[in-house]
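Inspection log for the structure reproduced underneath, given as structure tokens.
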Amino acid sequence: MPTGIDVSVASVARVYDYLLGGKDNFKVDRDTADAMLAIDPSSRAMTINNRRFLQRAVRTLAQEYGITQFLDHGSGLPTQDNVHQIAQSVHPEARVVYVDNDPIVLAHGRALLADNASTTVISADVRDTDALMAHPDVVKLLDFDRPVGALFVSLLHSIPDRDDPGALLRRVVDRLAPGSFIAVSHLVSLDAEIREQRTAFALEAHAGQWGRVRTPEEVTAFIESAGVDILAPGLCEVSQWRPDGSDGPVQESTDWFEFGGVARKDPHCFCRGFGGEGQV
Ligand code: SAM
């Protein structure tokens, strides 16, 4: 087993892998996922739909907006149709950096990417934007003078309020070239009691290493505060984001759901490094 892997506490990456039908998980992860499914059986459909959203967002950015560089924050374990496979099916030269702080992601990612020179996986905490952007593999593969697709899919609910997920988005967007994009999804609920219960469940399951189920309004505020233009159809339950006929299973209950969309940093903006000021 790769070093640093703790099989006594459920990991977000491994629980997610199990819900997607993957094999890179342990009993503690399966027990956690099964307990979550007992509370809300629609959680598996929600997870599958989130993954399909990620895939549609990457395909859209590559095909419709010519994006050839992706920085995937909180990438999770490799599964089918990963970001680099979709991006490189459109642009064979596309470059992808996967970032995750779970050691199992690094171990499995390295094995998958051993012979792909345009793609890498790094172990880093997304909260440390300066260290992430200065990482030698990031500097080597991505050109921040050109547009990048920065992905934050099913990630920001893992970031507690004290680490300010909105500020994290703003820091990254400030460093991206005009014409770059962000894709975001986040677990939300319209019901305060459900938000509280499921947050408590996840905090306990992940030994306090988690954030919060938030409201759609909170997630909208994070994205809007980054000074980006939200693409049609706007922010929504993610299976509604530009469906293309490859829909996942219907999420029967929407007690909680993944909420998000895609937004662009103004291609005519000369605001890099100036905190979002100076748009023309
Ligand atoms: N983005 C993928 C997707 O949507 O299919 C995977 C989502 S998975 C639910 C969230 C991932 O974020 C996990 O692999 C977890 O390890 C990672 N993660 C959570 N907090 C992180 C942090 N502070 N730094 C880096 N990765 C983090």
Side-chain angles (χ1 to χ4, degrees), residues 1-37 43-55 57-58 70-86 96-114 119-128 132 135 137 150-160 163 165 168 183-187 198-199 201-213 238 248 256 258 260:
M1 191 186 308
T3 49
I5 292 179
D6 182 351
V7 297
S8 68
V9 176
S11 112
V12 172
R14 298 181 327 228
V15 169
Y16 188 79
D17 173 70
Y18 174 68
L19 289 168
L20 288 177
K23 302 264 179 292
D24 300 320
N25 47 72
F26 299 95
K27 184 173 183 307
V28 67
D29 309 305
R30 297 188 285 274
D31 288 348
T32 297
D34 288 340
M36 188 197 290
L37 290 169
S43 301
R44 175 164 274 131
M46 177 177 79
T47 306
I48 295 169
N49 280 310
N50 178 71
R51 188 73 195 174
R52 301 259 169 104
F53 161 70
L54 167 81
Q55 293 162 342
V58 170
F70 290 88
L71 180 56
D72 188 359
H73 297 79
S75 54
L77 276 153
T79 169
Q80 289 178 342
D81 287 338
N82 298 292
V83 171
H84 72 286
Q85 288 155 329
I86 295 171
V96 177
V97 176
Y98 293 112
V99 184
D100 208 287
N101 64 351
D102 189 320
I104 199 165
V105 174
L106 188 68
H108 287 266
R110 289 228 163 117
L112 174 76
L113 300 171
T119 307
T120 194
V121 54
I122 65 169
S123 181
D125 192 315
V126 299
R127 289 170 288 191
D128 192 347
L132 174 51
H135 191 289
D137 289 354
L151 312 177
F152 301 85
V153 180
S154 200
L155 167 75
L156 295 176
H157 46 246
S158 290
I159 308 292
D163 294 323
L168 164 55
V184 178
S185 70
H186 191 300
L187 280 171
R198 298 199 185 169
T199 296
F201 176 92
L203 280 168
E204 189 182 343
H206 302 302
Q209 301 300 305
W210 211 68
R212 190 158 69 77
V213 179
V238 294
W256 68 346
E258 291 274 8

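In this structure the side chain of Val58 reaches within 4.5 angstrom of the side chain of Leu151, judged on heavy atoms. Proximity of Asn82 to Gln55: side-chain heavy atoms (C-beta onward) are nowhere separated by under 4.5 Å. Using a 4.5 Å cut-off on side-chain heavy atoms (C-beta onward), Asp100 and Val121 make no contact. Using a 4.5 Å cut-off on side-chain heavy atoms (C-beta onward), Ile159 and Val126 make contact. Between Thr79 and Asp17, every side-chain heavy-atom pair lies at or beyond the 4.5 Å cut-off. Looking only at side-chain heavy atoms (C-beta outward), Val12 and Asp102 stay at 4.5 Å or farther from each other. Counting heavy atoms from C-beta outward, Val9 and Val28 have side chains that stay 4.5 Å or more apart. Side-chain atoms of Asp137 and Val97, non-hydrogen and from C-beta on, never get closer than 4.5 Å to each other.
What you find for Gln85 and Gln80 is that their closest heavy atoms are OE1-C, 4.4 Å. The minimum heavy-atom distance linking Leu112 with Pro78 is given by the pair CD2-CB, 3.6 Å. Of all non-hydrogen atoms in Thr32 and Ala205, the two that sit nearest each other are CG2-CB, 3.7 Å. Closest approach of Ser75 to Arg51, counting heavy atoms only: O-NH1, 4.1 Å. For the pair Trp210 and Thr199, the tightest heavy-atom approach, listed with the atom from each and the gap, is CZ3-CA, 4.1 Å. Of all heavy-atom pairs spanning Val105 and Ala13, the tightest one is CG2-CB, 3.9 Å.
Sorted pairs that involve residues 73-84 and meet salt bridge (charged side-chain N to carboxylate O under 4.0 Å, His left out), not counting sequence neighbours, are lacking altogether. Among residue pairs with one or both ends in residues 20-29, those qualifying as salt bridge (charged side-chain N to carboxylate O under 4.0 Å, His left out) are Arg14-Asp29, Lys27-Asp31; sequence neighbours excluded.
In this structure, CD1 in Ile48 is found 8.5 Å from CG in Leu19, a value given to the nearest 0.5 Å. Distance check, rounded to the nearest 0.5 Å: CG of Asn101 to CG of Asp128 gives 11.5 Å. Note that the CG atom of Asp34 and the CZ atom of Arg30 stand 9.0 Å from one another [nearest 0.5 Å]. Remark: Gln209 CD to Ser158 OG distance equals 10.0 Å, nearest 0.5 Å. For the atom pair CG of Leu132 and CG of Leu71, the computed distance is 5.5 Å after rounding to the nearest 0.5 Å. Here Thr120 contributes atom OG1 and His135 contributes atom NE2; the two are 7.5 Å apart, rounded to the nearest 0.5 Å.
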Applying side-chain contact (heavy atoms from CB on, under 4.5 Å), run through Val184 and Val153 and close with a yes or a no.
CA-CA 5 Å; Val184 178; Val153 180; over 6 Å; no
List the steps, then state whether side-chain contact (heavy atoms from CB on, under 4.5 Å) holds for Val83 with Leu54.
CA-CA 8 Å; Val83 171; Leu54 167 81; 4.2 Å; yes
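Residues Ser43 and Trp256 have side chains that bring a donor and an acceptor to within less than 3.5 angstrom of each other. There is a side-chain donor-acceptor pair under 3.5 Å between Tyr16 and Asn50.
Take Phe152 and apply the ring pair (Phe, Tyr, Trp, His ring centres under 6.0 Å) test, not counting sequence neighbours, and it matches His73. A search for salt bridge (Lys or Arg N to Asp or Glu O under 4.0 Å) contacts involving Arg212 returns Asp161, Glu218, not counting sequence neighbours. In terms of the side-chain hydrogen bond (donor to acceptor under 3.5 Å, both in side chains) criterion, Asp72 has no residue partners (sequence neighbours excluded). Partners of His84 according to the ring pair (Phe, Tyr, Trp, His ring centres under 6.0 Å) rule, which considers only residues two or more places apart in sequence or in another chain, are Tyr98.
Proximity of a side-chain donor or acceptor of His206 to a complementary backbone N or O of Ala10 within less than 3.5 Å is detected. Of the possible polar contacts, one joining the Ser185 side chain to the Ser154 backbone as a donor-acceptor pair under 3.5 Å is found.
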